[in-house]
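Take a look at the structure below.
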Amino acid sequence: MGGAATRDPVIVRWLLTLLALGFLGLFLVLPLAAVVVEAFAKGLDAYLRALGNDVALASIRLTLIVAAIAVPLNIAFGLAASWAIAKFDFRGKSLLVSLIELPFSVSPVISGLIYVLLFGLQGLLGPWLADHDIRIIFAVPGIVLATIFVTFPFVARELIPLMEEQGRDEEEAALTLGAGGLRTFWLVTLPNVRWGLLYGVLLCNARAMGEFGAVSVVSGHIRGLTNTMPLHVEILYNEYDFVGAFAVASLLALLAVVTLAAKTALEWWHRDELVATGH
Amino acid sequence: MAKVWSEDIGRLVLAGVCVALLVLGLAAIIPGARAAETRTLLNVSYDPTRELYQAVNEAFIKQWKAKTGEDLKINQSHGGSGKQGRSVIDGLEADVVTLALAYDIDAIVQKAKLLDPAWQKRFSYNSAPYTSTIVFLVRKGNPKQIKDWDDLVKPGVSVITPNPKTSGGARWNYLAAWGYELNRSNGDQAKAEDFVGRIYKNVPVLDSGARGSTVTFAQRGLGDVLLAWENEAYLALQEFGGGFEIVTPSLSILAEPPVAVVDKVVDKRGTRAVAEAYLQFLYTPEAQEIIARNFYRPRDPDVIRKTQGNFAPVKLFTIDDVFGGWQKAQTTHFADGGVFDRIVARK
Amino acid sequence: MTVAALPLLRRTRVAASVIPGFGPTLGFTLSYLSLIVLLPLAALLLKAAGTTFAQWGTLLSDPRVLASLRLSFGGAFVAALINAVFGLLVAWVLVRYPFPGRKLVDAIVDLPFALPTAVAGIALTALYAPNGWLGKLLTPLGIKVAFTPLGVVVAMVFIGLPFVVRTVEPVLQDVDMELEEAAASLGADRLQTFFLVILPAIGPSLLTGFSLALARAVGEYGSVIFIAGNLPGVSEIAPLLIVTKLEQYDYVGATALAAVMLAISFVLLLAVNLLQKWRRARMGG
């Protein structure tokens with residue numbers, strides 16, 4: 001820490017810290033606490049019953065499947081895109097970056113709507129798909145597509161600035177020393193960006209499992225077939241089954257907490273390296 | 001150095017692959033993962049019928065099995081009536097639709113041509129095997145003394161009703177209020193518009209569906225009176241316990257939620273016979289009793305006699321009598337730029 | 001590689017780099033981008049392009065549409081402002097004041113990223129409804145949060161906070177303390193130092209965080225619909241109006257409104273990226 005001149009008076013530090021913590025407590029911790037309290041409002045038995053039935057399990061299964069397809073695809077895309085953008089100069093780069101980030105600021109509702117317009121029975125490809133008996137929306141493929149769309153930029157967004165910051169010198173050195181392209185990527189680039197990658201993947205996964213708006217538009221809400229966990233939360237809520245709704249919600253909240261804990265733990269274990277790489 | 005990194009990364013990738021496989025494996029072993037090769041039927045319905053069709057489906061599956069020996073699985077989709085109609089138009093393959101109002105099924109006819117325009121003649125009683133009406137749910141002891149529609153326009157009374165643009169139930173609410181004032185003022189449309197406008201002045205929240213409104217009223221504690229389907233009001237009494245009572249107004253509307261087989265879908269999937277049998281089943285005494293148990297008003301004369309005590313007597317008018325049918329009511333009142341928009345804008 | 005042949009995307013420094021893989025990675029990027037994002041968006045624009053002038057006129061003069069856009073953008077703006085102030089405060093405390101449990105607090109900041117929006121929505125509603133934990137305290141004071149535009153802002157603050165903290169934090173870490181000491185030795189007090197030395201240094205990142213929080217809040221649906229009253233013209237957000245129009249079978253209205261929102265979002269994003277470019281140029285220079 002710097003000298004006395006950059007130190008704030010103790011009272012100011014206390015006040016600001018309390019204010020910040022109070023704000024976080026009010027806006028972030030309290031909602032989380034509310035979920036847990038409501039979920040256990042009728043005891044552990046009711047909680048387990050709410051999670052143990054077929055319909056709840058089906059929604060958990062669907063959510064896992066969707067994430068297991070969407071996340072790896074977006075990781076592959078994120079790596080390819082960040083490599084192309086960070087390691088090369090070309091015209092239209094800003095536009096490309098903006099396009100990649102676009103899904104992030106598109107309203108989830110619109111994300112679902114575009115697939116309806118494309119694949120719906122009244123949409124552009126709908127009649128052809130119906131003739132060939134291919135179902136995309138109101139079935140798993142549509143849900144996967146909408147999820148990929150909303151989680152599209154997460155990995156790329158983390159990696160692009162990181163790779164740009166790291167420059168090309170190390171890669172160029174490795175390549176001049178005779179390493180192949182893939183080997184260079186594997187041994188030089190990836191190690192440099194792995195924390196960013198991890199962070200991006202965790203956020204991508206959390207959003208993939210938790211997406212509501214986009215999936216809601218393309219799901220069709222068929223009980224036990226096309227309801228993901230967040231949709232099941234809404235359905236239970238509308239059935240006056242608040243314990244059930246908050247129980248499934250608590251599972252999603254737990255996922256969020258585990259995600260954050262995993263990230264923090266990994267950072268902590270590798271803190272020496274992080275300091276070394278100046279992260 | 002590089003060697004250590006590569007091992008690290010190798011492990012990371014391996015771990016990643018393992019996690020992905022584990023997730024898929026987990027997904028596969030969760031019970032019910034493999035859909036059995038039974039015949040399925042998809043019933044796309046509106047919000048308040050969840051409990052009703054749960055019971056009806058169970059009974060019909062048993063009956064179908066006894067009659068044909070075939071195992072049947074009935075999938076359910078519930079949501080706001082308009083949203084459900086929209087999904088079917090966009091390709092949700094519903095074998096049967098059981099929606100809140102005829103207009104939504106007409107929309108499927110017009111926009112997607114999935115069924116015969118004369119669908120309403122297919123089954124008896126306008127293809128509506130059960131009816132309901134609009135009543136008030138108030139807080140215990142009725143602190144604001146709400147007895148009839150004209151109590152809703154009093155200042156300080158907070159009314160909860162969903163958005164008529166999206167909710168079928170809300171449209172019945174709106175039309176019931178309109179019909180009451182029209183009757184009282186001997187057919188003065190301007191007075192009716194003013195009356196309904198004053199009711200909506202007292203509305204603090206417009207949920208998009210009937211269920212959302214009930215939650216707002218009962219669970220969130222907002223409002224003095226909830227305009228609700230009769231069946232929803234009774235269900236809310238059951239679900240939320242003692243804190244409420246039902247008030248039946250002097251005059252209300254006869255709500256006829258219709259059912260239909262979606263021709264194009266059943267012909268494609270080869271499910272016409274079972275879909276028609278399913279809807280026909282709704283008219284049998286067995287199903288009519290289930291219907292009455294779920295607080296819908298039955299059609300079968302015997303069952304009506306048997307369950308008379310369950311429903312408060314109320315004078316009912318029909319939408320055809322007062323509004324000239326759904327198409328007309330929809331364009332006059334709920335279309336963009338219609339009376340409802342005018343009322344809300346004036347607020 | 002065909003993509004490299006496109007004049008817009010042609011590499012400008014071919015000879016200077018030995019790094020391989022431009023063709024395949026950019027090719028994959030562009031195909032995936034087109035398939036998942038551009039093609040479906042084109043379908044939307046195509047549909048919206050079928051809208052006649054008269055229809056655009058009615059849409060854009062409809063008070064209900066305008067009110068919903070005003071709420072979505074106005075609410076998001078207020079929420080982003082709140083987040084800029086409190087996000088900066090949180091980042092400042094996390095970077096400058098060591099206190100026990102700081103790591104934990106730092107992790108909690110990401111919660112809105114990880115928590116599903118629908119869950120956030122019902123949790124916030126449960127808290128702020130007149131009979132909720134916080135609603136019970138606020139209602140006697142005459143403050144109504146749930147089912148009012150204020151509730152919309154609360155939900156938007158929730159989802160936008162991490163954007164500001166996460167963009168400001170690293171920059172704040174890099175601010176040179178010597179500059180502050182120099183300012184202090186020249187007689188500036190702490191407040192002056194903050195406004196004249198620190199704020200200009202972190203300003204661009206704060207602005208970026210603000211814009212990201214804004215962009216995210218504008219389109220937010222899941223968490224807002226539970227807590228908003230959804231009254232037309234009062235507490236109805238634009239994404240909800242899109243859904244409402246869809247449910248009324250008004251595909252034209254829904255797509256046109258979606259196209260309007262999309263255009264505004266894209267302009268916002270482009271601005272953020274230019275801002276970042278400008279920042280990098282400034283820092284690099």
Side-chain angles (χ1 to χ4, degrees), chain A residues 54-55 57-58 60-69 71-72 75 116-117 119-123 126-127 129-130 133 135-139 142 174 179 183 186-188 190-192 194 197-198 201 205 216-227 234-235 237-242 270, chain B residues 1-6 8-10 12-13 16-17 19-24 26-33 35 40 42-44 47 50-51 73 75-79 83-84 86-94 111-112 114 209-212 214-215 218-219 235-236 238-240 264 268:
Chain A
D54 282 354
V55 184
L57 289 175
I60 296 173
R61 188 176 66 241
L62 181 62
T63 298
L64 291 177
I65 290 174
V66 169
I69 299 172
V71 176
I75 295 175
V116 171
L117 292 177
F119 299 120
L121 198 54
Q122 316 303 315
L129 290 171
D133 218 10
R135 260 184 286 173
I136 294 192
I137 57 167
F138 308 120
R183 225 176 116 78
W186 199 245
L187 297 179
V188 178
L190 212 50
N192 275 335
R194 59 179 178 163
L197 179 62
L198 180 72
V201 171
N205 183 57
S216 163
V217 177
V218 295
S219 141
H221 302 91
I222 308 170
R223 232 184 145 85
L225 285 182
T226 62
N227 277 330
E234 192 207 16
I235 286 197
Y237 191 76
N238 278 342
E239 280 171 7
Y240 314 132
D241 181 0
F242 300 107
H270 295 268
Chain B
M1 185 72 181
K3 185 115 195 186
V4 181
W5 282 123
S6 83
D8 237 24
I9 289 290
L12 211 68
V13 170
V17 171
V19 168
L21 284 178
L22 199 74
V23 166
L24 283 176
L26 199 67
I29 57 165
I30 289 176
T40 60
L42 175 58
N43 177 0
V44 171
D47 250 335
R50 293 162 204 261
E51 293 76 12
K73 185 167 181 283
N75 291 315
Q76 283 292 145
S77 169
H78 294 276
K83 169 164 138 191
Q84 296 296 77
R86 197 273 298 166
S87 293
V88 174
I89 289 172
D90 279 328
L92 180 60
E93 291 198 331
K111 311 250 167 190
L114 292 178
R211 282 285 158 110
T214 315
V215 171
Q219 181 78 358
L235 190 70
Q238 201 176 42
E239 295 281 331
F240 292 98
K264 280 240 175 96
K268 186 171 146 194

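Just so it is clear, the structure is predicted and the values come from calculations on it, not from any experiment.
- Within the 4.5 angstrom heavy-atom criterion, only side-chain atoms of A/I137, from C-beta onward, approach chain B.
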Taking it one step at a time, do B/L42 and A/I222 satisfy side-chain contact (heavy atoms from CB on, under 4.5 Å)? CA-CA 8 Å; B/L42 175 58; A/I222 308 170; 3.7 Å; yes

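- Contact annotation for A/I136: neither backbone nor side-chain heavy atoms come within less than 4.5 Å of a heavy atom of chain B.
- B/N43 contributes atom CG, which lies 13.0 Å from atom CZ of A/R223 (distance to the nearest 0.5 angstrom).
- Under the side chain to side chain contact (heavy atoms under 4.5 Å, CB included) test applied with B/D90, the options A/V217, A/V116, A/L117, A/V218 reduce to a single match, A/V116.
- Remark: A/E239 CD to B/D47 CG distance equals 9.0 Å, nearest 0.5 Å.
- Residues B/R50 and A/I235 form a side-chain contact, since some pair of their non-hydrogen atoms from C-beta on lies under 4.5 Å apart.
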Test side-chain contact (heavy atoms from CB on, under 4.5 Å) on A/Y240 and B/R211 and set out the steps. CA-CA 8 Å; A/Y240 314 132; B/R211 282 285 158 110; 3.3 Å; yes

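- For a residue to count as touching a neighbouring chain, one of its non-hydrogen atoms must lie under 4.5 Å from one of that chain's; by this rule B/K83 touches chain A with the side chain only.
- For the residue pair B/K111 and A/Q122, the shortest heavy atom distance occurs at O-OE1, 3.2 Å.
- Between atom CG of residue B/L92 and atom OG1 of residue A/T226 there is a gap of 7.5 Å, rounded to the nearest 0.5 Å.
- In this structure A/Y237 satisfies the ring-ring contact (aromatic ring centres under 6.0 Å, His included) test together with A/F242, C/F226, sequence neighbours excluded.
- For chain B, no part of A/V188 is nearby; none of its heavy atoms comes within less than 4.5 Å.
- Here B/E93 pairs with A/R135, B/K268 under the salt bridge (charged side-chain N to carboxylate O under 4.0 Å, His left out) rule; sequence neighbours left out.
- Looking only at distances, a side-chain donor or acceptor of B/S77 sits under 3.5 Å from a matching main-chain atom of A/H221.
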